[in-house]
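Structure first, commentary second.
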Amino acid sequence: MPESLSAAHILAEKIDREGPIPLSEYIGIANASYYASKDPIGEDGDFVTAPEISQMFGELIGIWLSDLWLRKGSPDHVHYVELGPGRGTLAADARRAMAKFGCDPQVHFVETSPVLKTKQAALHTSAAWHESIDSLPTDAPLMIVANEFFDALPVEQFVSTQAGWRRHMVARDRNKFIAIPGTQTIENQVSKSSAGLPNGTILESSPASSQLFEKLAGRLAKQGGVILVIDYGYDRPGTGSTLQAVKDHLPISPFDSPGTSDLTAHVNFHSLANIAKTRLLSVHGPAEQGQWLKALGIDQRAKKLAERAPKQAGSIRAAHHRLTHLDEMGRLFRVMAATSMEWPEPEGFVYGES
Ligand code: SAH
């Protein structure tokens, strides 16, 4: 049976057996099956990510990391960690750039998808793979990169009803999955400032992201280093659902055929920044991706590449546009870094520290 059928099947059986399940559980099961079953990235997949658009993206991240590493005094022993490295393209471009500066860290990939692990292994023979962040080494500073990783982690939602706040649950209505308010009261999990919001208001959070980020921040505080998070998201807490599903580059309902579409939600950078600060890390950004890439020199890099390969000048210009323009990935995508106390201030954050 194809994986896609089995996600819908597993979810249907579970709901028939146990009753409605929390939205976060639904997303977790659907996405685990989705990523395990195929490589969804690229023009012939469901979505395209920045490193697949142009080598410039990974290269600039590699230069950004090298700069930090050099200013830290070029420590011999340091680990490059990537969360959800996809096809391994970002890491390949970043490592090539880092090598030019003599920066050659040990490579660790946190990845659960067997299909994507195989793709990563084709480009990175000496990497170590981890099913979770718990097995990452504890002996040296970590340089952690996460591009479009946190958006794939489950969110949960609370919805305001006449009877008070309720958790969003997923139920079955005939053969369809639907979101309904749960029956249990959860007032104590919703902050007081949410009192009085109109019925139907949705509050979203990602306990999975918070827990993971909390652990990583703790590691950085202890071991030293930096984390770079790039994703679509928001800087201030807000209301409303940001859950979305994409299949064949088109939006579909998150409740249609789970396991066959990419379920994501916007990343709450405000919450990640607060977690970092409680661990006494310095937070830089979030900046808009376009501004950050420009501050790192993407305009000059694009010009240079086009001069070297005039036949590709058009596609280089198009990639530059896609990565930086406000109507493309330039504004929706945010870049945030958190550094441990004794690491230098990273480049590119035109907005300065938040
Ligand atoms: N960073 C890559 C891929 C983004 S897609 C790029 O920019 O191209 C999301 C990635 O996260 C995939 O590699 C997926 O397999 C991985 N992933 C999703 N959920 C995960 C989880 N819970 N643990 C580890 N990896 C996960």
Side-chain angles (χ1 to χ4, degrees), residues 3 7 24-62 80-95 107-124 127-136 144-155 206-213 215-216 227-233 243-247 249 258-267 289 293 319 322-323 329 332-335:
E3 283 290 341
S24 51
E25 201 175 330
Y26 170 87
I27 298 170
I29 293 172
N31 269 357
S33 166
Y34 175 70
Y35 282 106
S37 65
K38 65 172 187 172
D39 170 5
I41 307 163
E43 298 298 348
D44 51 352
D46 291 323
F47 59 94
V48 177
T49 56
E52 303 300 331
I53 291 172
S54 167
Q55 69 188 75
M56 295 187 285
F57 187 76
E59 285 171 351
L60 288 170
I61 290 174
Y80 172 91
V81 175
E82 198 174 325
L83 311 177
R87 292 177 165 178
T89 311
L90 193 167
D93 294 333
R95 290 178 70 193
V107 177
H108 299 267
F109 290 148
V110 180
E111 178 61 73
T112 43
S113 159
V115 180
L116 291 171
K117 267 187 217 169
T118 308
K119 296 232 162 163
Q120 293 154 18
L123 292 179
H124 304 273
W129 278 266
H130 303 262
E131 286 288 310
S132 85
I133 58 167
D134 296 335
S135 57
L136 288 172
I144 309 170
V145 175
N147 184 59
E148 287 209 42
F149 171 77
F150 282 98
D151 66 76
L153 300 186
V155 286
S206 176
S209 297
S210 301
Q211 280 158 23
L212 195 122
F213 200 76
K215 281 188 185 175
L216 292 169
I227 181 163
L228 178 70
V229 180
I230 306 179
D231 226 311
Y232 36 95
L243 181 64
Q244 58 186 28
V246 167
K247 188 175 180 173
H249 305 271
T260 68
S261 63
D262 185 37
L263 285 183
T264 63
H266 286 208
V267 171
Q289 173 172 297
L293 290 173
R322 237 172 129 182
L323 292 174
M329 299 173 85
L332 178 61
F333 279 74
R334 304 288 156 114
V335 183

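Here the structure is a predicted model, which means the values were calculated and not measured. Ligands are counted one by one from 1 in listed order, and the atoms in each one are counted from 1 as well.
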Worksheet item: Is I41 touching ligand 1 with its side chain, its backbone, both, or neither, if touching means heavy atoms under 4.0 Å apart?
Response: side chain
Please report which non-hydrogen protein atom sits nearest to [atom], along with the residue it belongs to and the distance in Å to one decimal place.
atom                    : result
atom 15 (O) of ligand 1 : E111 OE2, 2.5 Å
atom 22 (N) of ligand 1 : L153 CD2, 3.7 Å
atom 4 (C) of ligand 1  : E148 O, 3.4 Å
atom 20 (C) of ligand 1 : T112 OG1, 3.7 Å
atom 6 (C) of ligand 1  : T49 OG1, 3.4 Å
atom 7 (O) of ligand 1  : N147 ND2, 2.8 Å
atom 11 (O) of ligand 1 : G84 CA, 3.3 Å

Subset of ligand 1 atoms that lie under 4.0 Å from at least one heavy atom of [X]:
X    : result
G86  : 2 (C), 3 (C), 13 (O)
L116 : 12 (C), 13 (O), 15 (O)
S113 : 15 (O)

Worksheet item: For the side chain to side chain contact (heavy atoms under 4.5 Å, CB included) test, which of L332, D151, D231 pairs with H266?
Response: L332
Worksheet entry | L90, N147, T49 screened by side chain to side chain contact (heavy atoms under 4.5 Å, CB included) with I230, the one that passes | N147
Item to complete: State, with a plain yes or no, whether a side-chain heavy atom of K38 is found less than 4.5 Å away from one of D46.
Response: yes
Worksheet item: With a 4.5 Å heavy-atom cut-off, do T260 and Y34 have their side chains touching?
Response: no
Practice prompt. Report yes or no: does a heavy atom of L90 sit under 4.0 Å from some atom of ligand 1?
Written response: no
Worksheet item: Does even one non-hydrogen atom of N31 get within less than 4.0 Å of ligand 1?
Response: no
Practice prompt. May I ask you to decide if L153's main-chain N or O and N31's side chain share a donor-acceptor pair within less than 3.5 Å?
Written response: no
Item to complete: Decide whether an N or O pair under 3.5 Å exists between P51 and ligand 1.
Response: no
Worksheet item: Using 30° and 60° as the class limits, which term best fits the ring planes of F213 and F150: parallel, tilted or perpendicular?
Response: perpendicular
Worksheet item: Would V48 and H249 count as a side chain to side chain contact (heavy atoms under 4.5 Å, CB included) if you check the C-alpha gap in whole Å, the side-chain angles of each, and the deciding distance to 0.1 Å?
Response: CA-CA 8 Å; V48 177; H249 305 271; 3.7 Å; yes
Worksheet item: Which residues pass the side chain to side chain contact (heavy atoms under 4.5 Å, CB included) test with S24, sequence neighbours left out?
Response: P22, P154, E156
Fill in: Point-to-point distance, once rounded to the nearest 0.5 Å, from OG1 of T89 to CD1 of I53
11.5 Å
